[in-house]
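Read through the structure below, which is laid out as structure tokens, and then see the notes.
Hydrogens, waters and symmetry mates play no part in the numbers below; they use all other heavy atoms, side chains included. Keep in mind that what you see is a predicted model, and the values were worked out from it rather than measured.
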Amino acid sequence: MLRNHPVRLTSYAAAVVPLLLARWPGVDWYTLAGLVLAIVGAGEAAQRFEDSKTGAAEDQASPWEEAAARQRLLAQKETAPTPTNG
């Protein structure tokens, strides 16, 4: 699940921090700073992971491009002169 949804898990962790502070208002600031830095680091890692997936997807040919190329070939065949149409 962590590999499939890293951004979602990071957002859950970021949403829990204010709840923890409301529940335990006397949390040490050093602990809070460490927690926030961990969330920011996890968010950065998740962003880089998502960027790598996007880059890999951009390198692949789209199935729609192949379908469009086939459609162009069919259109050329339909409009090409034949002995029966001139």
Next item on the list: Examine Trp24 and Leu21 and state if one hydrophobic cluster contains both, with Ile, Leu, Val, Met, Phe, Trp and Tyr joined whenever side-chain heavy atoms are less than 4.5 Å apart.
Entry: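 Yes; Leu21 is reachable from Trp24 via cluster members.
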Note to self: Count I, L, V, M, F, W, Y as connected when their side-chain heavy atoms are under 4.5 Å apart, and connections chain through other members. Are Trp29 and Leu35 then in the same cluster?
What the structure shows: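 Both belong to a single hydrophobic cluster.
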Item checked: From Thr54 atom OG1 to Phe49 atom CZ, the distance as rounded to the nearest 0.5 Å ->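 The OG1 atom of Thr54 sits 10.0 Å away from the CZ atom of Phe49.
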Next item on the list: Drop me the distance from Asp51's CG to Gln47's CD, to the nearest 0.5 angstrom.
Entry: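 Here the rounded value is 5.5 Å.
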Notebook entry, point to check: So do Leu20 and Val27 actually touch side chain to side chain, heavy atoms under 4.5 Å?
Noted result: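 A side-chain contact is absent here, since even the closest heavy-atom pair is not under 4.5 Å.
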